[in-house]
Novice: 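Quick one: this structure, given as structure tokens, is what I'll be asking you about.
The basis for the numbers below is simple: all heavy atoms, side chains too, and nothing from hydrogens, waters or symmetry mates. Labels below follow one simple rule: chain letters A, B, ... track the order of the sequence lines, proteins then strands, and each chain is numbered from 1. Just so you know, these numbers come straight off a predicted model, no measurement behind them.
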Amino acid sequence: MPDRPRFYLTTAIAYPNNKPGLHTLYEVIGADVVARWHRMKGDDTRFLTGTDEHSVNIAESAAAQGRDIREYVESMVELFTSAEDELLIAPDRFIRTTDPDHRRASQEMVRRAYASGDVYLGKYEGWYCPNEGFKALSDLHETPDGMRCPNHPNVTLQWLTERNWFFRLSAYADRLLAHYAAHPHWVQPEYRKNEMLAFIRAGLEDISISRETFHWGIPFPIAENGETSEREDGSWDPEAGVIYVWFDALINYITGAGFPDDPTSFARYWPADLHVIGKDINRFHTIIWPAMLMSAGIDLPHKVWVHGWLLAAGGDRMSKSRGNMLDPSDVVKALGADGARYVTLREVPFDKDAEVSWDSFVRRYNADLANDYGNLVNRSITMAGRYLDGARPAPRAPAEAPLAAAWATALEGYQRNLESLLLHEALASLWDFVGAANRFVETEAPWALAKAAKAGDAGAAAAEVRLTGVLGDLVEAVRLVSLAVAPFMPSIAPRALDQLGYPYPYAADGNGGPPILDLLAWGGAGGAAESGRLGTPSPLLPRLDVETAPD
RNA sequence: GGCUGGGUAGCUCAGUGGUAGAGCAAGCGGCUCAUAAUCGCUAGGUCACAGGUUCGAAUCCUGUCCCAGCUACCA
């Protein structure tokens with residue numbers, strides 16, 4: 001379907017060293033919502049998540065456990081794919097840097113940079129921890145006894161020099177600044193862009209892009225003499241070393257689009273519309289990565305969105321070692337996958353950090369999902385079913401339905417905020433409408449109308465008409481909200497539609513079905529709207545006991 | 001240390017010169033369709049602190065205190 005707009009988005013690939021916490025998955029949940037929204041809009045959507053599996057630390061962790069690296073990595077990656085499954089994350093591809101096509105992509109990018117004259121042989125010098133390898137200066141402490149690594153305070157560090165390939169990042173400062181000037185919104189939020197601009201203006205140094213002290217990585221494709229390091233039997237000369245981190249990890253975004261094996265796919269999906277990343281890797285994505293692409297003659301992604309973090313009480317960063325992280329499995333167990341997705345994205349603004357806690361999640365779930373939305377669905381279907389004998393009432397025309405105007409406002413805000421990645425604001429817009437629908441019930445008091453309709457007096461017929469109209473509007477409101485929120489709550493949406501007696505036209509990942517904006521018009525249920533019967537009401541999002549907590 | 005952003009109701013935050021706002025949590029009342037739900041009302045703030053400009057400052061200026069981010073090779 002070449003006519004459909006395409007939308008390609010990615011998350012940062014995860015480093016599979018531990019079972020992921022909810023703070024790690026936050027980015028993937030947010031990106032999954034965006035992907036589902038585009039799929040439901042009818043865009044040809046490609047969504048990439050994955051794992052970054054090469055590093056000396058991974059190799060050493062495997063060795064420490066006496067396990068084969070590949071077997072070890074398989075087991076670690078499984079933790080990530082199963083966590084994504086639990087949270088209903090639906091990537092079109094889960095890319096692994098150990099995938100064969102990724103190796104080819106990474107090597108091709110090195111070759112291109114070399115061909116552009118941006119790769120040269122030099123020396124990397126730095127503090128070397130015998131237990132851990134080269135250490136960044138920022139990770140070390142200076143003590144009276146010399147430099148020490150925090151993980152091994154009793155080990156004396158050595159200053160070592162290693163032969164290394166370098167990438168001429170320093171040559172790209174002006175071109176990067178020009179790109180920032182020509183595309184003022186390409187890094188968002190704004191303050192994240194400004195940090196990078198300040199960094200570029202301060203001057204860029206070249207970066208090393210190979211290592212010869214460890215071998216768990218993609219073979220560096222170029223030998224010292226500038227020829228290929230591939231040998232006649234197809235193996236790679238270990239003397240050439242391996243590609244170091246950024247020319248490996250960052251490449252995944254183009255591998256995932258089809259580079260270099262599938263030029264047709266690559267032309268279709270690249271440049272990416274959106275990279276969603278965390279603030280800790282901003283520099284790599286908005287300085288190094290664009291320079292690498294420029295060197296290779298490849299267009300730059302349209303937008304990089306830098307999100308913040310979930311913080312523990314007191315503003316501490318979450319981590320396994322601090323013991324303050326939320327286990328996604330616990331949250332899913334308590335709130336359901338839909339509830340976990342909703343509260344995470346509602347409690348944490350997608351452009352800032354926020355403190356979260358088990359209590360704040362439960363409070364948000366109960367207030368928004370159980371009380372406001374879930375109860376609205378339940379009371380609406382119960383009343384319509386009881387007062388109209390199960391026939392689904394049709395909504396009134398927009399001009400006669402007070403809720404239709406409120407919906408237009410809500411949908412506009414929802415869509416605008418969703419498209420600009422303010423996911424928390426998008427939900428707030430939708431929930432304004434949920435509030436309006438609950439107030440509408442109080443104002444119209446369908447139970448009183450139902451009584452009047454049965455009174456058998458002069459007003460009964462009018463009351464009957466009004467009752468049907470009110471309930472029709474209400475049922476329509478529930479349909480609209482439930483469908484609109486589907487990117488956030490992908491398994492609740494079809495259940496809500498089913499209780500309303502509507503079919504759910506989308507696949508589990510949001511593909512297929514008509515463009516969602518058609519269905520989100522007031523009265524826009526299409527052929528399915530014309531007649532039908534209501535399903536059986538059943539609480540979708542049961543209220544939680546506030547005492548519920550893990551452990 | 002330098003640069004940037006921020007400190008407003010119990011909690012999370014909006015509010016950039018003109019009588020302090022929202023949501024949640026709390027209290028009271030109404031209603032009964034509903035998941036002890038929902039609707040309405042109430043309470044609660046010397047807007048970090050100290051000066052200054054102004055008829056008037058949460059909002060502008062100066063200083064102080066506190067917090068966060070950035071300040072290059074970790075995945």
Side-chain angles (χ1 to χ4, degrees), chain A residues 12-18 51-58 97 124 126 132-139 164 166-167 169 189-192 194-209 211 244-246 248-250 278-284 287-288 306 308-309 311 313-315 317 346-349 352-357 359-360 363-364 366-387 424 428 431-432 435 437-450 471 474 537-544 546:
Chain A
I13 48 177
Y15 182 50
N17 59 334
N18 270 316
T51 41
D52 183 11
E53 303 173 21
H54 294 127
S55 87
V56 63
N57 296 329
I58 294 279
T97 53
Y124 179 81
E132 286 193 297
F134 280 98
K135 298 293 292 183
L137 196 56
S138 54
D139 288 340
N164 243 223
F166 279 77
F167 175 69
L169 184 63
E190 200 68 10
Y191 70 101
R192 293 292 174 201
N194 291 336
E195 287 172 358
M196 293 304 105
L197 281 171
F199 187 87
I200 298 169
R201 291 188 180 118
L204 299 178
E205 295 171 13
D206 295 345
I207 54 168
S208 62
I209 61 167
R211 284 291 184 274
Y244 185 59
V245 45
W246 304 116
D248 177 346
L250 291 167
K279 61 185 184 179
D280 51 331
I281 50 177
N282 187 7
R283 196 170 62 236
F284 309 112
I287 295 178
I288 296 178
V306 187
W309 278 328
L311 302 175
R317 218 184 139 171
R346 185 66 186 82
E347 283 289 288
V348 186
K352 292 180 193 167
D353 297 351
E355 287 180 30
V356 299
S357 64
D359 283 350
S360 72
R363 259 205 307 277
R364 178 64 76 174
N366 278 338
D368 287 12
L369 295 184
N371 296 353
D372 288 349
Y373 168 72
N375 185 55
L376 174 68
V377 176
N378 197 235
R379 70 195 305 208
S380 300
I381 296 173
T382 301
M383 283 189 287
R386 182 177 304 171
Y387 301 145
H424 57 297
W431 256 251
D432 283 346
N438 274 317
R439 285 189 293 278
F440 176 74
V441 175
E442 303 298 324
T443 306
E444 296 292 341
W447 50 92
L449 292 172
L471 292 176
L474 204 48
S538 160
L540 288 171
L541 297 149
R543 197 180 155 80
L544 297 173
V546 182

Novice: Tell me the interatomic distance from A/Asn57, atom CG, to B/C73, atom P, rounded to whole angstroms.
Specialist: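 My rounded result for the distance is 15 Å.
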
Novice: Does any N or O donor sit under 3.5 Å from an N or O acceptor when you compare the side chain of A/Thr382 with the base of B/C33?
Specialist: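 Check fails, no donor-acceptor contact within cut-off.
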
Novice: Looking at A/Asn57, is its backbone amide N or carbonyl O close enough to the side chain of A/Ser55 to form a donor-acceptor pair, meaning the two atoms are under 3.5 Å apart?
Specialist: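 Here the side-chain-to-backbone pair exists.
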
Novice: Students often get this wrong, so: under 4.0 angstrom with heavy atoms, is A/Ile381 touching a base, only sugar-phosphate, or nothing?
Specialist: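 The answer is nothing, as A/Ile381 stays clear of every strand by at least 4.0 Å.
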
Novice: Heavy atoms under 4.0 Å, any strand shown: does A/Ile288 hit a base, just sugar-phosphate, or nothing?
Specialist: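 No contact at all - A/Ile288 keeps every heavy atom at 4.0 Å or more from the nucleic acid.
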
Novice: Side chain of A/Asn375, backbone of A/Ala370: donor and acceptor closer than 3.5 Å?
Specialist: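 Side chain of A/Asn375 to backbone of A/Ala370, a donor-acceptor pair under 3.5 Å: no, none is there.
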
Novice: What nucleic acid atoms does A/Ile58 come within less than 4.0 Å of, heavy atoms only: base, sugar-phosphate, or nothing?
Specialist: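 The residue A/Ile58 makes no contact with any strand.
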
Novice: For A/Tyr244, what residues pass the side chain to side chain donor-acceptor pair (under 3.5 Å) criterion, not counting sequence neighbours?
Specialist: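 Once residues adjacent in sequence are excluded, A/Tyr244 has no partner under the side chain to side chain donor-acceptor pair (under 3.5 Å) criterion.
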
Novice: Quick one: which protein N/O atoms are closer than 3.5 Å to N/O atoms of nucleotides 66-71 of chain B? Pair and distance per line, please.
Specialist:
unit_1 : atom_1 : unit_2   : atom_2 : d
B/G69  : O2'    : A/Arg192 : NH1    : 2.9
B/G69  : O2'    : A/Glu195 : OE2    : 2.7
B/U71  : OP1    : A/Arg283 : NH1    : 2.1

Novice: Starting at CD1 of A/Ile281 and ending at C1' of B/C73, how long is that distance when rounded to a whole Å?
Specialist: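 One finds 14 Å between C1' of B/C73 and CD1 of A/Ile281, rounded.
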
Novice: Please report the distance separating the P of B/G23 from the corresponding atom of B/U62, rounded so that it comes out in whole Å.
Specialist: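 That atom pair is separated by 36 Å.
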
Novice: Both distances below 3.5 Å, Watson-Crick or wobble geometry, any strand: find the nucleotide opposite B/C65.
Specialist: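 Here B/C65 is engaged in a pair, and the nucleotide opposite it is B/G7.
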
Novice: Checking all strands, does A/Ser55 fall into the base, sugar-phosphate, or nothing category for heavy-atom contacts under 4.0 angstrom?
Specialist: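 It contacts sugar-phosphate atoms only.
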
Novice: Write down the distance separating the C1' atoms in B/G44 and B/A26, rounded off to the nearest Å.
Specialist: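 That atom pair is separated by 10 Å.
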
Novice: Between B/C39, B/A72, B/C74, which nucleotide has the shortest distance from any of its atoms to the side chain of A/Asn438?
Specialist: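 That would be B/C39.
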
Novice: Suppose we define a pair by two distances each less than 3.5 Å, Watson-Crick or G-U wobble; what does B/G27 pair with here?
Specialist: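 Across any shown strand, B/G27 pairs with B/C41.
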
Novice: How close or far is atom C1' of B/A72 from atom CZ of A/Phe284, stated in whole angstroms?
Specialist: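 Distance check: A/Phe284 CZ to B/A72 C1' gives 7 Å.
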
Novice: Base, sugar-phosphate or nothing for A/Pro446? Non-hydrogen atoms, less than 4.0 Å.
Specialist: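 Touches nothing.
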
Novice: Look at the aromatic rings of A/Trp246 and A/Phe284 and report parallel, tilted or perpendicular, splitting at 30° and 60°.
Specialist: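 Because their plane-to-plane angle is under 30°, the rings of A/Trp246 and A/Phe284 count as parallel.
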
Novice: Show me the donor-acceptor pairs, under 3.5 Å and distance only, between side chains in residues 437-446 of chain A and residues at least two apart or in other chains.
Specialist:
unit_1   : atom_1 : unit_2   : atom_2 : d
A/Asn438 : OD1    : A/Arg379 : NH1    : 2.8
A/Asn438 : ND2    : A/Asp372 : O      : 3.2
A/Glu442 : OE2    : A/Arg379 : NH2    : 2.9
A/Thr443 : OG1    : A/Arg439 : O      : 2.8
A/Glu444 : OE1    : A/Arg466 : NE     : 3.0
A/Glu444 : OE1    : A/Arg466 : NH2    : 2.9
A/Glu444 : OE2    : A/Arg466 : NH2    : 3.0

Novice: May I ask you to say what A/Asp206 touches in the nucleic acid, namely base, sugar-phosphate or nothing, with a heavy-atom cut-off under 4.0 Å?
Specialist: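 Contact class for A/Asp206: base.
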
Novice: Taking for each residue the nucleotide of RNA chain B bearing the nearest heavy atom, is the 5' side occupied by A/Pro349 or by A/Ala14?
Specialist: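 Per heavy-atom nearest nucleotide, the more 5' residue is A/Pro349.
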
Novice: So which nucleotide from B/A25, B/C73, B/A72 ends up closest to the side chain of A/Arg363?
Specialist: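 Ranking B/A25, B/C73, B/A72 by closest atom to the A/Arg363 side chain puts B/A25 first.
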
Novice: Counting any heavy atom closer than 4.0 Å, what does A/Trp246 reach on the DNA or RNA strands: base, sugar-phosphate only, or nothing?
Specialist: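 It contacts base atoms.
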
Novice: Once you apply a heavy-atom cut-off of 4.0 Å, does A/Tyr387 come out as touching a base, just sugar-phosphate, or nothing?
Specialist: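 Since only primed, P, OP1 and OP2 atoms lie under 4.0 Å of A/Tyr387, the category is sugar-phosphate.
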
Novice: Closest approach of A/Val306 and A/Lys279, non-hydrogen atoms and distance?
Specialist: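 In terms of heavy atoms, the two residues are closest at CG1-CA, 3.4 Å.
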
Novice: With a 4.0 Å cut-off on heavy atoms, is A/Gly203 in touch with a base, just the backbone sugar-phosphate, or nothing at all?
Specialist: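 Base contact.
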
Novice: Mind checking if A/Asn378 touches a base, just sugar-phosphate, or nothing, with heavy atoms under 4.0 Å?
Specialist: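 Touches a base.
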
Novice: Applying side chain to side chain donor-acceptor pair (under 3.5 Å), name anything that partners A/Arg192, two or more places apart in sequence or on another chain.
Specialist: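 A/Arg192: side chain to side chain donor-acceptor pair (under 3.5 Å) contacts with A/Glu195.
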
Novice: In the structure shown, which nucleotide is the Watson-Crick or G-U wobble counterpart of B/U54, with both distances under 3.5 Å?
Specialist: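 Here B/U54 is not engaged in any pair, so there is no nucleotide opposite it.
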
Novice: Roughly, in whole Å, what's the span from CZ in A/Arg386 to C1' in B/U32?
Specialist: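 It is 10 Å, rounded to the nearest whole Å.
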
Novice: What is the nucleic acid contact for A/Ala198, judged by heavy atoms within less than 4.0 Å: base, sugar-phosphate only, or nothing?
Specialist: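 No contact.
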
Novice: Can you measure A/Trp431 atom CH2 to B/U38 atom P for me and round it to whole angstrom units?
Specialist: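 After rounding, the gap between these two atoms is 13 Å.
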
Novice: In whole Å, what is the span from the CG atom of A/Leu311 to the C1' atom of B/C11?
Specialist: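 Atom-to-atom, A/Leu311 to B/C11, this comes out as 16 Å.
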
Novice: Listed by chain and number, what are the side chain to side chain donor-acceptor pair (under 3.5 Å) partners of A/Thr97, not counting sequence neighbours?
Specialist: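 Side chain to side chain donor-acceptor pair (under 3.5 Å) check on A/Thr97 returns nothing, list empty.
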
Novice: If you look at every strand shown and take non-hydrogen atoms under 4.0 Å, does A/Asn375 touch a base, only sugar-phosphate, or nothing?
Specialist: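 Answer is base: heavy atoms of A/Asn375 come under 4.0 Å of a base.
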
Novice: A/Trp447 CH2 to B/C33 P: how many Å, rounded?
Specialist: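 Checked: the CH2 to P distance equals 8 Å.
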
Novice: Measure from CG on A/Asn194 to C1' on B/U4 and round the result to the nearest Å.
Specialist: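 Rounded to the whole Å, the gap is 8 Å.
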
Novice: Could I get the full list of salt bridge (Lys or Arg N to Asp or Glu O under 4.0 Å) partners for A/Asp368, not counting sequence neighbours?
Specialist: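 Checked A/Asp368 against salt bridge (Lys or Arg N to Asp or Glu O under 4.0 Å); matches are A/Arg364.
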
Novice: With RNA chain B as reference, determine whether A/Leu541 or A/Glu355 sits nearer its 5' end, using the nearest nucleotide of each.
Specialist: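 The residue mapped nearer the 5' terminus is A/Glu355.
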
